[in-house]
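What you see is a predicted model, and the numbers here were worked out from it, not measured in a lab.
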Amino acid sequence: MDSKPGGQQMLMARQPIFDQHQKVVAYELLYRLEDSPAPGVAGAELSGEMILSVYTSISDAGAVRRVPAFLPVGRELLLSGALPELPLKQVVIELDPGPKPDADYDRAALRLMKEGYRICLRGLSYNPRYDNLLKMAQIVKLDVREFSESALAGQLESIRPFKVAFLAEGIDEFSQLERCIDMGFKLYQGGFLSKPKLVEGRRVSANQVTMMQLIQELQSPVATPEKLEALILRDPVLTFKLLRIVNSAAYSLVRKVDSIAQAVVLLGLEQVRKWATLIAMSANGDKPEELSRLLLIRGRMCERVAEGLKQPNAPSYFIAGMMSGLHAMLDIRQDAMLDQVPLGEDIKDAIRAGSGPIGAVLANVIHYESGDWHLLPPDFDANLYERAYRESLKWTQESMQAMHEE
């Protein structure tokens with residue numbers, strides 16, 4: 001995406017939508033022009049090609065697939081009829097009718113339905129005035145933060161006759177997810193994936209500490225292939241996977257590599273760092289792949305922003321981004337994780353308190369990926385952040401795909 005006329009920059013981010021198995025089945029696309037006050041005003045700037053770019057493509061167990069995009073459309077854009085033509089099978093139009101939908105709104109929504117678009121309604125508390133829209137909709141999104149549990153059950157009971165699928169929004173804890181599954185929701189959205197399932201007394205395992213020591217060592221300016229080999233050889237799984245990757249078709253080497261030292265020399269420290277990180281993030285097989293994907297995107301974006309800002313030691317920003325959510329992978333509290341892993345104090349302080357240059361970039365990246373653009377500083381480089389986010393989506397997809405290549 002390029003900057004728009006008048007110096008405005010399109011900002012886009014994606015938020016995953018899960019099924020009950022925590023598998024990504026769609027992404028909600030958050031978007032706006034940089035100096036617009038709210039998301040959704042820039043819909044006329046969107047194109048089908050943009051929608052089907054890296055924003056809706058993911059590597060899932062090594063296979064690249066596209067998932068539908070939930071696209072919020074505001075009242076003004078809906079009534080204008082100026083929504084650009086979008087691929088029907090890949091887009092769900094998300095409408096927020098407000099407290100009093102009128103006949104004009106109903107007619108505009110009906111026009112979209114007749115064109116073949118799927119419709120998701122959000123932001124409503126059931127009232128008969130929504131009946132016309134509910135007859136058109138395939139999905140209703142309910143924010144679980146807006147209702148008590150009994151009121152939420154009442155909403156489902158009132159809306160269920162319209163034969164829609166229910167999407168629970170605002171799920172911040174696994175306990176909420178489990179309750180929503182029991183209540184009959186089919187789709188789920190929120191920050192629960194980034195929260196650990198806390199088990200008191202759990203500590204990082206010896207293998208996980210070894211892996212994190214390796215990642216830390218990869219940032220050392222005096223790292224040598226021999227020193228890295230000694231670290232890698234402590235973990236047989238890591239050794240096997242790195243050798244498999246370097247001997248894969250992706251590298252097309254003329255002879256087989258059978259030592260880690262050779263692999264480090266051939267791949268280079270940056271490539272070994274990338275693969276070691278990917279292996280570390282995929283080591284916990286009982287965690288959804290989206291969590292690894294989210295943290296790799298965050299780490300890579302931190303690194304790309306640091307490079308754009310010409311900050312020294314950009315790889316440290318990668319580590320901070322990736323490690324900022326590692327506690328959720330390990331199911332322990334963040335402070336306990338930081339006490340147990342061998343990270344530099346600048347990285348730990350950045351994660352704990354947003355301190356220093358690394359902390360500032362990390363905080364901004366998290367705001368960006370969440371679509372909380374109003375929390376970004378007024379002077380942030382919108383073009384740099386947008387480009388870094390888009391490139392990080394692509395890098396993560398390609399990297400996770402390569403991890404599964406035989």
Side-chain angles (χ1 to χ4, degrees), residues 194-196 198-199 201-224 227-235 237-238 242 264 269-284 287 291-307 309 311-367 369 388 392 395-396 399:
S194 297
K195 303 290 180 64
L198 293 177
V199 177
R202 174 175 289 178
R203 296 182 59 82
V204 179
S205 71
N207 284 343
Q208 290 166 330
V209 170
T210 298
M211 180 62 68
M212 289 182 283
Q213 286 174 333
L214 169 65
I215 295 171
Q216 174 82 348
E217 189 65 31
L218 288 167
Q219 315 311 313
S220 171
V222 295
T224 64
K227 191 170 184 178
L228 294 178
E229 181 179 36
L231 280 168
I232 292 169
L233 288 175
R234 297 179 190 173
D235 188 330
V237 173
L238 175 58
L242 278 177
V264 174
L269 292 180
E270 284 300 308
Q271 287 290 307
V272 170
R273 177 173 63 85
K274 180 187 78 171
W275 290 120
T277 303
L278 289 169
I279 293 168
M281 299 307 299
S282 63
N284 194 345
K287 286 293 182 179
L291 182 54
S292 299
R293 186 180 295 119
L294 182 154
L295 295 179
L296 288 169
I297 292 168
R298 181 183 298 172
R300 179 61 169 170
M301 185 175 176
C302 286
E303 182 178 42
R304 295 293 291 125
V305 169
E307 291 170 350
L309 296 175
Q311 294 287 347
N313 199 12
S316 291
Y317 290 72
F318 179 94
I319 297 302
M322 188 267 293
M323 290 290 188
S324 67
L326 188 63
H327 62 294
M329 297 287 291
L330 304 177
D331 283 331
I332 61 175
R333 298 185 187 279
Q334 187 180 76
D335 55 354
M337 183 271 291
L338 291 174
D339 286 341
Q340 296 178 53
V341 298
L343 292 172
E345 289 303 315
D346 56 343
I347 295 177
K348 289 186 178 183
D349 290 342
I351 295 172
R352 281 195 182 105
S355 302
I358 298 177
V361 168
L362 175 60
N364 287 344
V365 165
I366 291 174
H367 293 327
E369 71 184 18
S392 298
W395 177 86
T396 298
S399 299

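- No side-chain donor-acceptor contact under 3.5 Å links R304 and S392.
- Across all non-hydrogen atoms, the minimal contact from V361 to C302 is CG1-O, 3.9 Å.
- To the nearest 0.5 Å, the span separating CG on N313 from CD1 on I358 amounts to 7.0 Å.
- Considering OG of S194 and CG of L291, their distance stands at 6.0 Å, rounded to 0.5 Å.
- Side-chain contact between S292 and M329 is present, with at least one heavy-atom pair separated by less than 4.5 Å.
- We find the CE-CD1 distance between M322 and I347 to be 9.0 Å, quoted to the nearest 0.5 Å.
- Contact check for E369 versus R298: side-chain heavy atoms found under the 4.5 Å cut-off.
- Inter-residue side-chain proximity for W395 and I297 is flagged as unmet; no heavy-atom pair is nearer than 4.5 Å.
- Between atom CD1 of residue I351 and atom NE2 of residue H327 there is a gap of 9.5 Å, rounded to the nearest 0.5 Å.
- When all heavy atoms are compared, the tightest approach of L362 to A350 is CD2-O, 3.9 Å.
- Using a 4.5 Å heavy-atom cutoff, the side chains of R352 and L338 are in contact.
- Between N364 and V305 the shortest side-chain heavy-atom distance does not fall below 4.5 Å.
- The CD atom of Q311 sits 3.5 Å away from the OH atom of Y317 when rounded to the nearest 0.5 Å.
- In plain terms, the two heavy atoms of L343 and I319 that are nearest each other are CD2-CG2, 3.7 Å.
- Under the 4.0 Å criterion applied to side-chain N and carboxylate O atoms, D335 and K348 are not assigned as salt-bridge partners.
- The nearest pair of heavy atoms linking E303 to A314 is CG-O, 3.8 Å.
- The nearest pair of heavy atoms linking S324 to Q334 is O-NE2, 3.0 Å.
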